[in-house]
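Remember, predicted model here, so these are calculated numbers, not experimental data.
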Amino acid sequence: MKLSVVIVNYNVSCFLEQALNSVYKALRNVEGEVFVVDNNSADNSLEMLAAKFPQVQVIANKENVGFARANNQAIRLSRGEYVLLLNPDTVVEEDTFEKCIRFMDETPDAGGLGVKMLNGKGEFLPESKRGIPLPSVAFYKLFGLSKLFPRSRKFGAYHLSYLSDDEIHSVEVLAGAFMMMRRSVLDQVGLLDEDYFMYGEDIDLSYRILKGGYKNYYFPETRIIHYKGESTKTGSLNYVHVFYKAMQIFARKHFSQQNARFFNFFINCAIWFRASLAALKRIAAKLLLPLIDFLLVYAGMFVLARYWSSNVLAQRHTVYPDFYYYGIIPLYIIVWLSAIALCNGYRKPIRLTSVNKGIAFGTIAILLVYALLPETLRFSRAVVVFGAMWTVIVVDLVRYFIQKLHIKGYSFDTNSSRRIAVVGGADESARVMSLVQEMEPKCEFAGVVALDEDTAGNGETIGVLSQISDLLPLYRLNEVVFCAKDMPHRQIIDWMDRLRPFQVEYRIAPENASSIIGSNSIFTSGSSHLRKMHAISQPSNRRAKRAFDFFTALAMLFLLPLDIWFVHDKGGFVRNIFAVLAGRKSWVGCSLPSNADVAGLKPGVLSPVDAFPNNTFSSEMIATADQLYTQDYSVRQDVRTVARGFGRLGLRRET
């Protein structure tokens, strides 16, 4: 037996299926075996393995035992001359195993081997080659010196960024996503250290291989896609804590006692430093745009109020008091910005419709409160109206320039639909096209790019693969789906690399699979339905619902002398207005209390069926209406229900 492939899986069934498809293609000319160790996945991983890969040797754990222990379980049962640890979120080229084994056979001092890894966008992953995280190396990485001076042998030692990405090198650390090792070396230096649960075990084993007198090699003559490599939250507090705790284990094992104590002290300081930095960064990121909005709106309104006071009020022998400039105007702006936040105007992706909706609601709220104030505090409606207009201009311009300047960290919803090219043969591209149309409700255009002239010709074909560089701008395509049944993975990776300047999204449709896998995303044939499930539970929808409740209740309170005559139970109407303002009720909720509890909704004055007051519904139909309301929720549903059931807004349902 030449090669044993070991994959540890945890809740990534679709990724695993694609990885195994690529593994078995790469094993066609290699005598090998495949192990999958499942760490108690809650998805259908085991069922998928039994149905599609019965030849895989499966170890089904009843708990998540961690990466190291799970790998060791399979390694102890394996029989290959070489052992490959492979992540489930990877795709290997068809000749990857042959090339790696040939190199290992020809290089007797090679104890371990890693390859060139690309993320789901075709970009090189720097963790393909790494150095030992000595205290100095960790310091340079933690404090950003490795990014500032990537070509420096001293500062770039963590990712060995001074070495060419396209040449074979002797390196210190291999990545656990693809780690091929000689069995005789494992017998000598030992298996993965099970003291590590996640992170660090690959560094530890790589270091022990070096100490055993062997070398680790970076081998870029074959490539793999590692989807998750691009999405690891390396700046998050959890990652920093777990990763550097693993480094502390490494230090205790391999450094002297004095150096280990120093390293651990340094790591603890680093954890607190990175945690503080991450917290400050998150706070700054959330407050920066509102602060810019506030300052610019205030500057304009200050000038506007000064002008109005000097040129309009002065003719009436009055002026604005100082506290109007330094108290009232800032209060107006806070109301506008708060309303923008309630309408999700500060959420990403940024939507100008949400921003302007918030300003409109804020203006209504200001004017409603203004009308209730005593005469001495009614300064000028004109400044409020002109201030609202100025606010719309300023905040929209700020976002326009942010979008044009492509400022990092700010994404915009341009309402651009997906425009997709499916690359493959006639039969498979037709199958994948039907999946795309089922999964992508926003798909504005989808065309087939044939592999060559011989397979072109059906009505959906827009060109051939050799023309794709011209087809992308011509049809304004922003996604490319490759059919893995018709294209070797090596060819797919080649095209991902060649098309990088176009900045399109890539996905791969595995053979005989009802899923399309993209960069850190999985789309299955049922995903379009699942996206609708319990839409009411999404934070953005909850905020929008609360904003609708609050501002409509405020408007009804202001117009109470008029609107109360259209409601049957007038006392109940007044009580409901104050209950909605206080957040104890919502204008629209579920008919059945049990459904409201499941969805986490406040008791509703009206229910979805109250939009049809002249109809009678069975209990089954009412339950279905509740389910559809929570699944497909939008503010429009509340608007329609309140408008149609306005006369019943005095209903006294139990809270």
Q) Does one side chain, of Asn61 or Asn39, offer a donor that lies under 3.5 Å from an acceptor on the other? A) yes
Using a 4.5 Å cut-off on heavy atoms from C-beta on, say whether the side chain of [Y] contacts that of [X].
X: Thr552; Y: Val639; answer: no
X: Val642; Y: Met556; answer: yes
X: Met48; Y: Leu16; answer: yes

**Q.** Pair Trp390-Val383, side-chain contact (heavy atoms from CB on, under 4.5 Å): steps then yes or no
**A.** CA-CA 10 Å; Trp390 169 249; Val383 172; over 6 Å; no
Q) Does the pair Asp396 and Val355 meet the rule for a side-chain contact (heavy atoms from CB on, under 4.5 Å), with working shown? A) CA-CA 8 Å; Asp396 285 5; Val355 173; 4.2 Å; yes
Go through the structure and list residues passing salt bridge (Lys or Arg N to Asp or Glu O under 4.0 Å) with [X], not counting sequence neighbours.
X: Asp43; value: none
X: Lys545; value: Asp638
X: Asp38; value: none

Closest heavy-atom pair and its distance - [X], [Y]:
X: Ile577; Y: Leu560; answer: CD1-CD1, 4.0 Å
X: Ile329; Y: Ala305; answer: CD1-CB, 3.7 Å
X: Asn9; Y: Ser45; answer: ND2-OG, 3.0 Å
X: Pro88; Y: Val12; answer: CG-CG2, 3.7 Å
X: Ile420; Y: Val436; answer: CD1-CG1, 3.6 Å
X: Tyr506; Y: Lys121; answer: CE1-O, 3.6 Å

Q) Under the side-chain contact (heavy atoms from CB on, under 4.5 Å) criterion, do Phe578 and Leu557 qualify, and how do the steps go? A) CA-CA 9 Å; Phe578 285 104; Leu557 181 63; 3.9 Å; yes
Q.
If the condition is side chain to side chain donor-acceptor pair (under 3.5 Å), which residues does Arg431 pass it with, not counting sequence neighbours?
A. Glu428
To the nearest 0.5 Å, what is the distance between [atom1] on [X] and [atom2] on [Y]?
X: Leu651; Y: Asp569; atom1: CG; atom2: CG; answer: 8.0 Å
X: Arg584; Y: Asn576; atom1: CZ; atom2: CG; answer: 9.5 Å
X: Leu337; Y: Leu342; atom1: CG; atom2: CG; answer: 11.5 Å
X: Trp336; Y: Ile366; atom1: CH2; atom2: CD1; answer: 4.5 Å
X: Gln18; Y: Ile516; atom1: CD; atom2: CD1; answer: 11.0 Å
X: Glu505; Y: Asn478; atom1: CD; atom2: CG; answer: 8.5 Å

Q: Evaluate whether atom CD of Glu47 has more than 12 neighbouring non-hydrogen atoms of other residues, nucleotides or ligands under 6.0 angstrom away.
A: yes
Q. Would you find more than 12 non-hydrogen atoms of other residues, nucleotides or ligands less than 6.0 Å from Lys570 atom NZ?
A. yes
Flag, side chain of [X] to backbone of [Y], donor-acceptor distance under 3.5 Å:
X: Asn119; Y: Glu123; answer: yes
X: Arg419; Y: Tyr475; answer: yes
X: Ser41; Y: Asn11; answer: yes
X: Thr363; Y: Ile359; answer: yes
X: Asp549; Y: Trp587; answer: yes

Q: Any chance you could lay out the side-chain contact (heavy atoms from CB on, under 4.5 Å) test for Leu367 and Phe558, step after step, and finish with the verdict?
A: CA-CA 10 Å; Leu367 291 175; Phe558 175 71; over 6 Å; no
Q: Only counting residues at least two apart or in another chain, list the ones meeting ring pair (Phe, Tyr, Trp, His ring centres under 6.0 Å) with Phe361.
A: Phe551
Solution key, residues 288-302 side-chain donor-acceptor pairs under 3.5 Å, sequence neighbours excluded:
| residue | atom | partner | partner atom | Å |
| --- | --- | --- | --- | --- |
| Asp293 | OD1 | Arg399 | NH1 | 3.2 |
| Asp293 | OD2 | Tyr346 | OH | 2.8 |
| Asp293 | OD2 | Arg399 | NH1 | 3.4 |
| Asp293 | OD2 | Arg399 | NH2 | 2.7 |
| Tyr298 | OH | Tyr325 | O | 3.0 |

